[in-house]
Amino acid sequence: MIDLEPHSDTLMRVYRDTRWLLPGTDHPFGAWEEQTTIAISSEGRVEIETASDRDAWEARSQAWMRGQGRPELDTVTAQYFSIPEDHLTARRSIRVTPYCAVSGHDRTPMVLAIPTPEFGDWSVFVQLIGFRGHELAPRFTFRHDESAGVHEPLTGDGIDQLLIAGAALDTSEGPAVVELADAGSVRVPSGHLAAADPGWITDDPRTVRVPPGDYPVTLSLMRFPDGGKRVGAARVSVTDAPVRTWEMALGADEDPLVLGPGQFYGVGVDTGYAAFFDASHGPLDDDTFDGPLLDALEADLTTDLTIAHTPGLNLIAFRAGLGDGAYPLWIGRAADDEVSCVVVDFQLVRPHS
């Protein structure tokens, strides 16, 4: 296993290579007989650690994670040296880059790096397999591992219960009852409904195509026994038709087939708030965000904000569940496959997979 991390805007640095000696072909996950880890620092220093007792190695790792240091073990050996520059430059698929070119330091140790690939471009990583000394096959065939179970990303199962007034739900914060609240209507003259953090409205927000018009926004509030409330979800109702299927809202370059079990593409939240708006709505300036928007959201769970420099547009903003994070955006489709509603789920009730 080769681990990489960002090194600059255009390069990723190889910082660790882990290899396992396994007891035959039929073995439990993680049951190795020997583990070798090659760690490469950004200064070109190499540590090769070989472990032969899995239980002792894992106990040492847990101690280190708890801040108790890394005790010496008879079953673990380590070697240290620096990478020879002529060895690195001999590798065709690997580029050697002076560390100072990125960090500005006055020293020039070397690092092992590859060009940062575009999303979905795996060819660069395939080259790393050759770097480890393996001969590449002319074709690659991927097979589903039946023993791993169903490989399915997050689904919209359970979204309906968030939108039923009076429904009793078990949330991550304890038992709660659903209370629906009107948040106003969002104006979507372009026909592209967008959802994003109101503090980070970009040129390419997550959008859903709907007929141009004004649409009511409803908040699903989780009301707790102590009287507290949190926004569990927010819905834009496009029609009154019942939802037949829930579909994850995807960007142009997003492929659900690459997602792992329970994973999703969603709306990123960094300010603790989310919003629905027309995709042509520009970003909020600091004075607007720090003033009218935050003042309103600190006093209430939601606000309908109209900006002077965006005539005909508004922004329905609301508190985002437990705050910062990433949250799935769901398209509810009716029996005729048309959009009935759009829901952002703040995942207080889990899972929906």
Side-chain angles (χ1 to χ4, degrees), residues 163 180-221 231-241 247-254 265-321 323-334 338-346:
L163 306 169
L180 301 183
D182 178 24
S185 293
V186 60
R187 296 191 286 274
V188 193
S190 74
H192 294 273
L193 173 67
D197 183 321
W200 296 95
I201 298 177
T202 66
D203 295 333
D204 187 26
R206 190 166 298 276
T207 62
V208 176
R209 187 74 177 268
V210 298
D214 297 358
Y215 300 109
V217 178
T218 304
L219 299 185
S220 170
L221 306 180
V231 180
R235 175 185 64 190
V236 176
S237 298
V238 180
T239 72
D240 294 329
E247 168 189 318
M248 189 183 301
L250 301 173
D253 298 324
E254 294 174 345
Y265 297 107
V267 177
V269 171
D270 284 327
T271 66
Y273 306 104
F276 285 121
F277 51 93
D278 188 274
S280 64
H281 196 299
L284 302 181
D285 57 46
D286 291 342
D287 290 339
T288 301
F289 181 82
D290 294 334
L293 184 72
L294 287 189
D295 290 344
L297 290 175
E298 288 174 359
D300 200 354
L301 295 174
T302 183
T303 185
D304 181 345
L305 187 67
T306 300
I307 310 302
H309 66 268
T310 56
L313 300 179
N314 70 332
L315 180 145
I316 304 292
F318 34 85
R319 299 184 190 178
D324 296 352
Y327 302 105
L329 185 68
W330 298 102
I331 303 171
R333 293 195 180 274
E338 295 297 318
V339 176
S340 172
C341 65
V342 178
V343 176
V344 57
D345 172 23
F346 295 119

Is S340 reaching over with its side chain to a backbone N or O of A241, donor-acceptor style, under 3.5 angstrom?
-> yes

R187 meets the salt bridge (charged side-chain N to carboxylate O under 4.0 Å, His left out) criterion, sequence neighbours left out, with none

Take V339 and R333, measure what side chain to side chain contact (heavy atoms under 4.5 Å, CB included) needs, and give me the verdict at the end.
-> CA-CA 5 Å; V339 176; R333 293 195 180 274; 3.6 Å; yes

What closest approach, in Å, do F346 and A274 show between heavy atoms, and which atom pair accounts for it?
-> CZ-CB, 4.0 Å

Heavy atoms of R319 and E298 approach each other most closely as NH2-O, 3.4 Å

Using 30° and 60° as the class limits, which term best fits the ring planes of F318 and F276: parallel, tilted or perpendicular?
-> tilted

Under the side chain to side chain contact (heavy atoms under 4.5 Å, CB included) test, which residues partner D324, sequence neighbours left out?
-> V269

H192 versus R209: any side-chain heavy-atom pair under 4.5 Å?
-> yes

Distance-only, no hydrogens or angles: does the R206 side chain make a donor-acceptor pair with backbone N or O of A249 under 3.5 Å?
-> yes

Correct closest heavy-atom pair for A181 and L221 would be CB-CD1, 3.9 Å

Verdict with reasoning, D214 to S185, per side-chain hydrogen bond (donor to acceptor under 3.5 Å, both in side chains) | CA-CA 6 Å; D214 297 358; S185 293; over 6 Å; no

Value rounded to 0.5 Å, distance of CG in D197 from CG in D270 = 6.0 Å

Would you say T239 and E338 make side-chain contact, with heavy atoms under 4.5 Å?
-> no

Enter the distance from L193:CG to F277:CZ here, rounded to the nearest 0.5 Å.
-> 8.5 Å

Nearest 0.5 Å, what's the CG-CG distance between L305 and N314?
-> 8.5 Å

Partner of L313 under side-chain contact (heavy atoms from CB on, under 4.5 Å), picked from D278, T306, V188, is D278

Hey, which of T288, D287, D286 is the one that makes side-chain contact (heavy atoms from CB on, under 4.5 Å) with D290?
-> D286

Side chains of L180 and S220 in contact at under 4.5 Å (non-hydrogen atoms) | yes

Please round to the nearest 0.5 Å and tell me the distance separating atom CH2 of W330 and atom CE of M248.
-> 4.0 Å

To the nearest 0.5 Å, atom CG of L301 lies from atom OG1 of T303 at 11.5 Å

Quick one: pull up CZ in F289 and CG in L294 and give me the separation to the nearest 0.5 Å.
-> 4.5 Å

At their closest point, which heavy atom of P198 faces which heavy atom of L315, and how far apart are they?
-> CB-CD2, 4.3 Å

Return the minimal non-hydrogen interatomic distance between V208 and V342, and the atom names on each side.
-> CG1-CG2, 3.9 Å

Which atom pair, heavy atoms only, marks the closest approach of A194 to P205?
-> CB-CG, 3.8 Å

